[in-house]
Novice: 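Let me begin by handing over the structure; questions about it come next.
Computation of the quantities below employed the complete heavy-atom set of this structure, encompassing side-chain atoms and omitting hydrogens, waters and symmetry-equivalent molecules. Computed from a predicted model, the values in this text were never measured in an experiment.
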There are 4 protein chains.
Amino acid sequence: MIENDKIKSRRRERQQQICRGAMKIFRVKGFHATSMREIAAASGIGLGNLYHYIRKKEDILFLVQKDVMDRLYDRFDECVKQSKDPVDQLVSVIRELVGLTFTLKEEMLFIYTETKSLDRKYMREILAGETQFVKAFESLIRKGIRQGVFHGEKPDLIANIIVFTLSIYPLRGWSTRRRRSNDELLDALIRFVLKGLGIPDEAIQHKMKQRARKKT
Amino acid sequence: MIENDKIKSRRRERQQQICRGAMKIFRVKGFHATSMREIAAASGIGLGNLYHYIRKKEDILFLVQKDVMDRLYDRFDECVKQSKDPVDQLVSVIRELVGLTFTLKEEMLFIYTETKSLDRKYMREILAGETQFVKAFESLIRKGIRQGVFHGEKPDLIANIIVFTLSIYPLRGWSTRRRRSNDELLDALIRFVLKGLGIPDEAIQHKMKQRARKKT
Amino acid sequence: MIENDKIKSRRRERQQQICRGAMKIFRVKGFHATSMREIAAASGIGLGNLYHYIRKKEDILFLVQKDVMDRLYDRFDECVKQSKDPVDQLVSVIRELVGLTFTLKEEMLFIYTETKSLDRKYMREILAGETQFVKAFESLIRKGIRQGVFHGEKPDLIANIIVFTLSIYPLRGWSTRRRRSNDELLDALIRFVLKGLGIPDEAIQHKMKQRARKKT
Amino acid sequence: MIENDKIKSRRRERQQQICRGAMKIFRVKGFHATSMREIAAASGIGLGNLYHYIRKKEDILFLVQKDVMDRLYDRFDECVKQSKDPVDQLVSVIRELVGLTFTLKEEMLFIYTETKSLDRKYMREILAGETQFVKAFESLIRKGIRQGVFHGEKPDLIANIIVFTLSIYPLRGWSTRRRRSNDELLDALIRFVLKGLGIPDEAIQHKMKQRARKKT
DNA sequence: AATGAATGAGAATTCATTCAT
DNA sequence: CATGAATGAATTCTCATTCAT
């Protein structure tokens, strides 16, 4: 049993190694244009040996996706834990997740554009994760509505809209043409979403100032 | 000269024919996985003859993109012309463009996931069109702010956010998991965006009812 | 009949036009790498129309070869006519033909490297012309031997060797690496060949000076 | 290190294998008309696997050229070593190299007609080898001139002329029309070249008889 | 476990030639 | 005579995956 665990952990390690190597090239060339030889070279594992840890090239795609998604979802969970106030939670989530999209720009763009290359089974798993995430977001909004701080109907749709909005940075080639800083975008996003949830302007101003004060 | 025009129009026709044929398969298999043989077969043009009308496979990708983009932008222009009131214009734009994304779901998803395969020159042209479109959107919002019906800072960022939001339907695999109708999504979108621009709930309700009344 | 002649002459004209156009590109790209489209464009004749004047691409190759060969052979005949003295004739032939190879460098290299692409029938015709030319050269040498000015056995072999030697300039990429002028090469060739035919050094010196004097 | 050597030697072996296979078809069809499939089949290596040992089709052309050239240059070196007398050296060189051209007829014709297909880098390497070879030849002639056995000016040009002359057999389709044996051609060549270097007839006769006596 | 040589199907593109106008 | 659109076979080269060592 213990032996078995060791082997499994070794597998995970190797898979991570492959993921990291592959991602270096995926960023630049995309999934299809990256050959297994390149992945082998970039991850420092022999070409043949790769196939001890994955079955198909597609598996790597899935591993990469899972990795990035999990990082996003984990961050969401952390944010929600830090407060009990729905508005604070929401602001924190937007701030942190959008911050992550600044860092993971290439990875996220890659994932969005290559999800279609996944086969049924993998696709389902990724979509299931996403659905669960949106559900969690929906709960947050429902709570806010119940508490009377958010205003709106059909919180499931609202959750979907907001979650989608969070990925604006990687999905539109922002950095290439920006005359605005990342922080300006982040601020505008928070304001727009809060307003979209019916929170009055003054309250938003207040929140933002609070935050600014904390920072200094 | 007249001769020349005939030739050019014939070229365009053929290119359209190729586009339409190619798109049939692109939808299903994506750009890379679609072979030129398949495109030839699907468009009813001999394989070799394709190359009279395009130079590279990539050209087809560009033509498809351009075609879809232009349809969106044209629709935007039409909407803006139909009224002078910024709120009416905005509601009309959202309604019509999102409506188009319902129709062009596959095309738009395809475009978003394959833009990266365009080479520099084509990419620039596509991005230029997009930039121009966002600018036009920005003007609409600026006018609303000047007239005091919209509220918000940095209209360029707001325009970007809204434009992005409009592509939610094709970019998230909505249809696959929907428990909500397209119309419900559309309504939610309009409300969210109008609220995001600081329009009071009552005014929104009013607008929506007006519209509903007109329809009947 | 007269009509027929006109047609034939028109054909020849067009074929020349094609030859000249084709050669412009053959020089640079070689036979295989030159497409019929390029030949059509370079000769100012429509692609389809080309096939009224030739049957296959190969025909053009033959026409070009024939044209160049004839120019060389004609020059030979002229040289021989200008004197009755075998030495004078030989010197004149070498001077003029090598001079021509300076001018026709690209054409001759092209011919030598592409003769293999000719089919049987054309090949035979080209080789027949060559054989006849070597025969004529052989006669010249035989006459010199009979008159006691040339010394050597097997004049057929000697003729072959000399004829081959005359093509040194185009066949070795001379111009690219020359530290010697074309004239120096020509002089060296004449001296070497005359010596090879057993003409004493002093006589050669004499001939060369004569020529130099004439020139001034 | 030793491992590395093994791999390299294996590479060379495979490359030789490819060369030999390719040459079988190149002889008959020329470079352009020979497909990679045919080369794979003829060399007994899988089509895809070919590309482990070469990068482009052109590489094979280079390898073939290099191989033939080296055989010629090596033979030259051997000949020069066997004697200290310039005349003996020269006669030996002509005899041996022309002998080789009898054997390598197809290969040499192939090389001459296909050198143009080499790209810049390879071309330079081939030309560099050739230049070096002609230089060595020039040294031989210079020595003879210094010792007073050869007579002539501009030994560099003479070397070029003689070296060129040595390739007469493969470059003119000799075998197809020969009424003379290879030996007769060889004899005529030696006589012509020696005469061209100003060696008196009697001395040549002497040399040739010597050789003939040795042979028996 | 680890290696990289081997495989051959399949990709985009080009070409000489024909044919309807 | 003249045109150039149309054809589809043939080309080089790449790739994921397997397999012997």
Novice: Touch check for Gly48(C), heavy atoms < 4.0 angstrom, all strands: base, sugar-phosphate only, or nothing?
Specialist: base
Novice: Can you tell me how far P of dG8(F) sits from CD1 of Ile39(B), to the nearest Å?
Specialist: 18 Å
Novice: Toward the 5' end of DNA chain E, which comes first, Phe31(B) or Arg37(C), by nearest nucleotide?
Specialist: Phe31(B)
Novice: Can you confirm if the NZ or CZ of Lys66(A) lies within 45° of the ring axis of Tyr122(A) and under 6.0 Å from the centre of its six-membered ring?
Specialist: no
Novice: Between dA6(E) atom P and Leu50(D) atom CG, what is the distance in whole Å?
Specialist: 10 Å
Novice: How are the rings of His32(C) and His32(D) set relative to one another: parallel (under 30°), tilted (30 to 60°) or perpendicular (over 60°)?
Specialist: parallel
Novice: Considering every strand and a 4.0 Å limit on heavy-atom distances, what is the contact class for Arg14(C): base, sugar-phosphate, or nothing?
Specialist: sugar-phosphate
Novice: Just to verify, which of Leu63(D), Leu61(D), Ile39(D) counts as forming a side chain to side chain contact (heavy atoms under 4.5 Å, CB included) with Cys19(D)?
Specialist: Leu63(D)
Novice: What is the distance from CD1 of Ile54(B) to P of dT14(E), rounded to the nearest Å?
Specialist: 10 Å
Novice: Can you tell me if the side-chain N/O atoms of His52(B) get under 4.0 Å from OP1 or OP2 in dA5(F)?
Specialist: yes
Novice: Calculate the interatomic distance between His32(C) atom NE2 and dT11(F) atom P; express it in whole Å.
Specialist: 11 Å
Novice: Is there a side-chain polar atom (N or O) of Asn49(C) under 4.0 Å from OP1 or OP2 of dT3(F)?
Specialist: yes
Novice: Rounded to the nearest Å, what distance is computed from the NZ atom of residue Lys56(D) to the C1' atom of nucleotide dT11(F)?
Specialist: 16 Å
Novice: Let me know the distance between CD1 of Ile18(A) and P of dA1(E), rounded to the nearest Å.
Specialist: 12 Å
Novice: Hey, does Arg10(A) reach any base, or is it just sugar-phosphate, or nothing, if we go heavy atoms under 4.0 Å?
Specialist: sugar-phosphate
Novice: If you measure from the Lys or Arg side-chain nitrogens to the Asp or Glu carboxylate oxygens, is any gap between Glu38(B) and Lys29(B) under 4.0 Å?
Specialist: yes
Novice: Toward the 5' end of DNA chain F, which comes first, Ser35(D) or Leu47(A), by nearest nucleotide?
Specialist: Ser35(D)
Novice: Looking at Phe31(A), I'd like to know if the NZ or CZ of Lys57(A) sits under 6.0 Å from its six-membered ring centre while staying within 45 degrees of the ring's axis.
Specialist: yes
Novice: Within less than 4.0 Å of OP1 or OP2 of dT7(E), is there a side-chain N or O belonging to Tyr51(D)?
Specialist: no
Novice: Decide yes or no on side chain to side chain donor-acceptor pair (under 3.5 Å) for Gln16(B) and Arg20(B), but give the supporting numbers first.
Specialist: CA-CA 6 Å; Gln16(B) 281 256 343; Arg20(B) 278 194 299 267; 3.1 Å; yes
Novice: Calculate the interatomic distance between Lys57(A) atom NZ and dT17(F) atom C1'; express it in whole Å.
Specialist: 12 Å
Novice: Can you tell me which stems DNA chain E forms when a stem means 3 or more consecutive Watson-Crick or G-U pairs under 3.5 Å?
Specialist: E:2-21 with F:2-21
Novice: Tell me what Met36(B) touches on the nucleic acid: a base, only sugar-phosphate, or nothing, going by heavy atoms under 4.0 Å.
Specialist: base
Novice: What is the distance, to the nearest angstrom, from the CD1 atom on Ile25(D) to the P atom on dT12(F)?
Specialist: 11 Å
Novice: Both conditions, 6.0 Å and 45 degrees, for the charged tip of Lys116(A) above the ring of Phe110(B): are they met here?
Specialist: no
